[in-house]
Amino acid sequence: MKVMQLNETGHFVGIEEADESPLERGVFLIPAGCIEAPDPDPPAGSRARWTGTGWVYEPLPAGVEDGPEPPAADPDPGPEEILARVARAVQAHLDAAARALRYDSIASAVSYADEPAVPQYQAEGRAFRSWRSLVWERCYELLAEVEAGSRAPMTAEAVIAELPVLQL
C-alpha cells in the first residue's frame with residue numbers, strides 16, 4: 001500500500017510503501033512519519049503540506065528547488081532515536097490491529113473493555129487491553145536486552161516479529 005511520507009513540519013517528502021503485517025493479512029504497517037492520503041499534486045514552485053484533513057500548497061522557500069524535500073537522514077542514530085523509532089513502529093502495529101477490526105486505534109478499542117452494553121465489543125476491548133500490555137512488556141524486555149549487550153541491536157521490524165500475537 002502506498003503512503004505519503006512527511007517531515008517534522010508536515011511537508012510532503014516522498015512516497016513510501018507500507019508493508020503488510022506478517023501477523024494479520026490485510027493489515028498494513030504504516031511507517032513512522034507517513035500517512036494514508038492521496039498523492040499531492042503541488043503546482044510548480046510550491047510544496048505540499050498536510051493539514052490533518054487535506055493538502056495545502058505553499059510557495060517554495062528561497063533556495064529550495066521544485067519537488068519534494070529529501071527526508072533528513074540520520075546515518076548513525078543514537079540509542080534514543082532507535083528507541084523512538086521502535087516505539088513508533090510498535091504503536092503503529094497496535095493501531096493497525098485495532099483498525100483491522102474497525103476501531104480508530106488501539107486506544108479506542110481498549111475503551112470498550114469496561115463497557116457491558118455490547119458483549120462482543122467488551123470482549124474485544126479486554127483482549128486488546130491485555131495484548132497492549134503484553135506487547136509493551138515484551139518490547140521493553142527486548143530493548144533492555146539490547147541495551148545490556150546480551151542481544152544484537154534490533155530493527156523495529158525484528159522487535160515486532162517477536163511480540164505476542166493478539167488473541168481474540
Side-chain angles (χ1 to χ4, degrees), residues 1-40 50 52-53 68-115 120-168:
M1 174 174 71
K2 187 169 59 169
V3 293
M4 305 303 116
Q5 183 180 11
L6 308 177
N7 67 11
E8 305 79 32
T9 60
H11 289 94
F12 172 73
V13 294
I15 298 174
E16 291 289 327
E17 195 67 31
D19 295 326
E20 188 171 17
S21 169
L23 304 175
E24 297 177 69
R25 290 220 173 275
V27 174
F28 288 83
L29 305 175
I30 299 174
C34 293
I35 59 166
E36 290 181 73
D39 294 4
W50 183 252
T53 58
E69 298 174 30
D74 185 357
D76 189 23
E80 289 179 11
E81 176 57 25
I82 292 170
L83 174 62
R85 288 178 186 175
V86 169
R88 285 190 301 264
V90 169
Q91 186 63 49
H93 174 69
L94 292 166
D95 288 336
R99 282 194 305 272
L101 290 181
R102 300 184 183 233
Y103 293 98
D104 295 333
S105 65
I106 188 80
S108 175
V110 166
S111 73
Y112 287 88
D114 294 322
E115 174 52 60
Q120 176 187 346
Y121 296 161
Q122 184 179 35
E124 289 172 353
R126 287 178 175 171
F128 274 110
R129 185 170 62 189
S130 276
W131 181 58
R132 179 183 62 183
S133 296
L134 294 169
V135 161
W136 284 114
E137 176 186 47
R138 182 65 179 140
C139 174
Y140 289 118
E141 285 173 355
L142 292 168
L143 293 173
E145 290 173 13
V146 170
E147 195 171 65
S150 61
R151 180 184 277 267
M154 301 177 72
T155 64
E157 293 78 14
V159 170
I160 289 170
E162 292 198 33
L163 297 177
V165 175
L166 176 62
Q167 301 292 319
L168 290 174

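Fair warning: this is a prediction, and the values are worked out from it, not measured in the lab.
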Participant: Can you find a heavy atom in the side chain of W131 that is under 4.5 Å from one in the side chain of L168?
Facilitator: no
Participant: Kindly indicate, with the supporting measurements, whether the criterion side-chain contact (heavy atoms from CB on, under 4.5 Å) is fulfilled by Q91 and I106.
Facilitator: CA-CA 8 Å; Q91 186 63 49; I106 188 80; 3.4 Å; yes
Participant: In the structure I gave you, are the side-chain heavy atoms of R129 and D114 within less than 4.5 Å of one another anywhere?
Facilitator: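 When only atoms from C-beta onward are counted, D114 and R129 do touch, with a gap below 4.5 Å.
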Participant: List the atom of Q167, the atom of A127, and the distance in Å for their closest heavy-atom pair.
Facilitator: O-CB, 3.5 Å
Participant: Looking only at non-hydrogen atoms, find the nearest pair between M4 and P38 and report the distance.
Facilitator: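 Shortest heavy-atom separation between M4 and P38 comes out as CG-O, 4.0 Å.
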Participant: Which atom pair, heavy atoms only, marks the closest approach of L142 to E162?
Facilitator: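 L142 and E162 have their closest heavy atoms at CD2-OE1, 3.5 Å.
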Participant: Would you compute the distance between atom CZ of R88 and atom CG of D95 and round it to the nearest 0.5 angstrom?
Facilitator: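 Atom-to-atom, R88:CZ and D95:CG are 14.0 Å apart.
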Participant: If you define the side chain from C-beta out and look only at heavy atoms, does anything of E16 sit under 4.5 Å from I30?
Facilitator: no
Participant: Working to the nearest 0.5 Å, report the span between CD of E115 and CZ of R126.
Facilitator: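 Those atoms lie 10.5 Å apart.
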Participant: Less than 4.5 Å apart, side chain to side chain, heavy atoms only: is that true for F128 and L101?
Facilitator: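 Yes. Closest side-chain heavy atoms under 4.5 Å.
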Participant: Side-chain contact test, heavy atoms from C-beta onward, threshold under 4.5 Å: evaluate it for V86 versus M154 and give yes or no.
Facilitator: no
Participant: Can you check whether I160 reaches V90 side chain to side chain, under 4.5 Å on heavy atoms?
Facilitator: yes
Participant: Report yes or no: does E20 contribute a side-chain atom to a donor-acceptor pair with the main-chain N or O of G26 at less than 3.5 Å?
Facilitator: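 Yes; at least one donor-acceptor contact below 3.5 Å.
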Participant: Which heavy atom of M1 sits nearest a heavy atom of E17, and at what distance?
Facilitator: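 Nearest pair, atom of M1 first, then E17: N-OE2, 2.7 Å.
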Participant: Identify the two heavy atoms, one from A18 and one from L29, that lie closest to each other, and give their separation to 0.1 Å.
Facilitator: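 Heavy atoms of A18 and L29 come nearest at CB-O, 3.5 Å.
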Participant: Using every non-hydrogen atom in the two residues, find where I35 and V3 come nearest and quote the distance to one decimal.
Facilitator: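 The answer is O-CB, 3.3 Å.
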Participant: Test side-chain contact (heavy atoms from CB on, under 4.5 Å) on Y103 and E124 and set out the steps.
Facilitator: CA-CA 10 Å; Y103 293 98; E124 289 172 353; 2.5 Å; yes
Participant: CD of E147: more than 12 outside heavy atoms within 6.0 angstrom?
Facilitator: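 No, because the 6.0 Å sphere around CD of E147 holds 12 heavy atoms or fewer from other groups.
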Participant: Answer yes or no: does atom CZ of F28 have more than 12 heavy-atom neighbours from other residues, nucleotides or ligands under 6.0 Å?
Facilitator: yes
Participant: Tell me whether the rings of W136 and Y140 are parallel (<30°), tilted (30 to 60°) or perpendicular (>60°).
Facilitator: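 Parallel, since the angle between the ring planes stays under 30°.
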